[in-house]
Protein chains: 2
Amino acid sequence: MNDTAPALGTNTATPAAPRAVSPAPVTHTASKSEQAYAAVKARIVDGSYSPGYRLVLAKIAEDLGVSVVPVREAIRRLEAEGLVKFERNVGATVAGIDPTEYLYTMQTLSIVEGAATALSAPLIGPADVARARAVNAEMRECLEHFDPVRFTRLNQDFHSILFEHCPNPHILDLVHRGWNRLASLRSSTFRFVPRRAHESVDEHEALLRLIESAADADVIEKAARLHRSATLDAYLAQSNAGSVSAR
Amino acid sequence: MNDTAPALGTNTATPAAPRAVSPAPVTHTASKSEQAYAAVKARIVDGSYSPGYRLVLAKIAEDLGVSVVPVREAIRRLEAEGLVKFERNVGATVAGIDPTEYLYTMQTLSIVEGAATALSAPLIGPADVARARAVNAEMRECLEHFDPVRFTRLNQDFHSILFEHCPNPHILDLVHRGWNRLASLRSSTFRFVPRRAHESVDEHEALLRLIESAADADVIEKAARLHRSATLDAYLAQSNAGSVSAR
DNA sequence: GCAATAGTCTTCGTATACGATTTCGTACTC
DNA sequence: GAGTACGAAATCGTATACGAAGACTATTGC
């Protein structure tokens with residue numbers, strides 16, 4: 001379907017080596033619509049457009065040197081993907097950080113990512129495990145002088161290695177969408193709950209052990225799912241104790 | 001109060017989409033874009049546009065009494081949903097029945113529907129269970145003079161009761177999308193594998209028992225997932241006695 | 001001084017128009 | 001007779017234009 005492959009990337013340690021499946025079929029064909037989609041998506045994911053940012057069609061069109069029509073299409077696609085919220089006769093804004101939304105997204109991701117990881121597991125070779133372990137080592141290092149943003153990026157790299165082999169493209173797409181949604185809110189959970197970062201690294205190692213030992217798909221799925229929902233729980237516990245709760 | 005809508009006396013050709021699996025956001029304001037989206041989606045889901053059908057923008061626009069621009073947007077949204085396939089400079093076609101695609105969709109659905117059902121379970125009251133049981137009774141009846149189409153519709157109704165209470169709208173949305181994709185290929189699995197229908201009815205009852213007894217979420221999820229993947233397996237076993245995995 | 005209302009201004013929604021690309025048919029040549 | 005090349009028709013892609021709806025502001029009345 002859609003989903004231009006990158007977006008998940010920015011990976012320093014994992015240059016998407018394993019498979020040449022990477023769709024770079026942009027054969028001199030880049031429709032304006034496509035351009036607009038990619039451009040806006042990139043800006044959302046990289047944080048240039050932060051949540052709540054008002055996406056004015058005419059302005060974006062001008063920035064990109066196109067008319068509003070392709071931009072509208074792009075926005076529509078992003079809306080369907082959940083990256084943008086659209087209100088009739090009012091306009092589009094970058095989808096928000098609403099804690100409720102965060103909860104939904106994390107829960108959904110826990111499920112689809114768990115499944116994707118379990119489905120990938122049999123296809124993950126020793127080389128992949130080694131790469132993942134290297135990333136995890138970096139994460140552990142990163143714990144010293146804790147940098148939430150860097151940590152989050154590494155976290156993404158780590159999990160990418162685990163689920164990218166998923167043979168079911170639909171599920172993989174859902175995982176990507178979930179990650180993108182999270183990426184749009186740059187404030188990672190780890191910023192709020194640094195303690196969770198430590199546990200996270202340990203759980204990563206446990207996950208790798210399971211994969212190495214060719215554990216049951218069920219077991220891997222459950223572990224991957226719990227790994228994520230534990231992060232969610234940590235966030236919830238924190239936010240309840242702390243300031244903003246609201247709904 | 002608004003809605004003077006002169007000149008276009010012939011419009012509003014779409015009176016409340018014929019009960020697709022997804023909710024109809026029919027506020028009293030229906031932009032042309034919405035109309036087009038609902039209309040095309042309805043036609044795909046109800047089979048007027050069968051898989052492979054070529055969706056010509058101009059023709060649809062004329063049928064609906066609008067211009068092509070709103071139709072384009074609608075098509076884009078349907079594309080993001082996976083109901084249509086779009087090729088640059090060529091056009092859109094209703095997404096196909098490709099067995100591989102079927103496999104992917106069913107697998108994905110088994111996962112998200114399983115999760116949705118498990119999350120819904122605690123919110124399902126005796127009244128709901130009773131309704132579901134009534135539907136299942138109809139299905140059992142339906143086994144006598146087997147009618148695959150009717151059976152499939154009842155099957156959808158049954159599962160809808162089980163997952164519609166899902167508190168996570170994202171997951172619920174994914175379930176709807178999965179069902180819609182399946183709906184677009186009118187040939188239900190049960191047409192090919194009537195025997196599966198019998199098992200299915202029994203599994204439904206088992207599922208209801210689990211929900212009634214407030215079984216563990218894990219147990220319910222696994223049961224719901226297996227229920228669906230068993231249907232998939234039945235299809236696979238039937239359709240090709242040879243090439244199992246089909247890449 | 002505050003609130004309600006009217007007017008303006010921004011921005012969206014859709015129609016129409018035209019250029020670009022693909023596809024299909026036909027004729028011509030080997 | 002078959003294959004290729006040229007051309008026409010169909011269809012998509014995008015720009016521009018105009019009407020409509022919501023938001024913002026200023027003015028007026030209490």
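First the proteins, then the strands, lettered A, B, ... as listed; each starts at 1. These values consider heavy atoms only, across backbone and side chains, with no hydrogens, waters or symmetry-generated copies.
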When A:N89 and A:E73 are each assigned the nearest nucleotide of DNA chain D, the 5'-most assignment goes to A:E73
Whole-Å distance, A:E62 CD to D:dT14 P, equals 18 Å
Reckon A:S67 has a side-chain N or O less than 4.0 Å from the OP1 or OP2 of D:dA15?
-> yes
Which of these nucleotides, D:dT16, C:dT14, C:dT22, is closest to any side-chain atom of B:K32?
-> C:dT14
Inspect the contact between A:D63 and A:K59 and indicate whether a charged nitrogen and a carboxylate oxygen are less than 4.0 angstrom apart.
-> yes
Check whether any side-chain N or O of B:R181 sits under 3.5 Å from a backbone N or O of B:E81 as a donor-acceptor pair, and report yes or no.
-> yes
Could you state the atom-to-atom distance from CG of B:L57 to P of C:dT14 in whole Å?
-> 15 Å
Have A:R177 and B:H170 got a donor and an acceptor in their side chains that come within less than 3.5 Å?
-> no
Report the relative orientation of the aromatic rings in B:F151 and B:F190; use parallel for angles under 30°, tilted for 30 to 60°, perpendicular for over 60°.
-> perpendicular
Rounded to whole angstroms, how far apart are CD on A:Q35 and C1' on D:dT14?
-> 12 Å
Residue-phosphate contact under 4.0 Å: A:R72 side-chain N/O, C:dC12 OP1/OP2 | no
Of D:dA15, C:dT11, D:dT11, the nucleotide closest to the side chain of A:P70 is D:dA15
Specify the separation, in whole Å, of atom NZ of B:K59 and atom P of D:dA10.
-> 15 Å
Rounded to the nearest Å, what distance is computed from the CD atom of residue B:E34 to the P atom of nucleotide C:dT14?
-> 9 Å
Within this structure, what is the CD1-to-P distance between B:I75 and C:dT14, rounded to whole angstrom?
-> 15 Å
Interatomic distance, A:Y37 OH vs D:dT14 P [rounded to whole Å] = 16 Å
Determine the interplanar angle of the A:F163 and A:W179 rings, folded into 0 to 90°, and report it as parallel if under 30°, tilted if 30 to 60°, perpendicular if over 60°.
-> tilted
With the side chain of B:V69 defined as its heavy atoms from C-beta on, choose the nearest nucleotide among D:dT11, C:dT11, C:dT16.
-> C:dT16
For B:E87 and C:dT23, what is the distance between atoms CD and C1' respectively, to the nearest whole Å?
-> 12 Å
Counting just side-chain N and O atoms, does B:R88 come under 4.0 Å of either OP1 or OP2 of D:dC12?
-> no
A:S31 has a side chain; which of C:dC12, D:dG13, D:dT11 sits nearest to it?
-> D:dG13
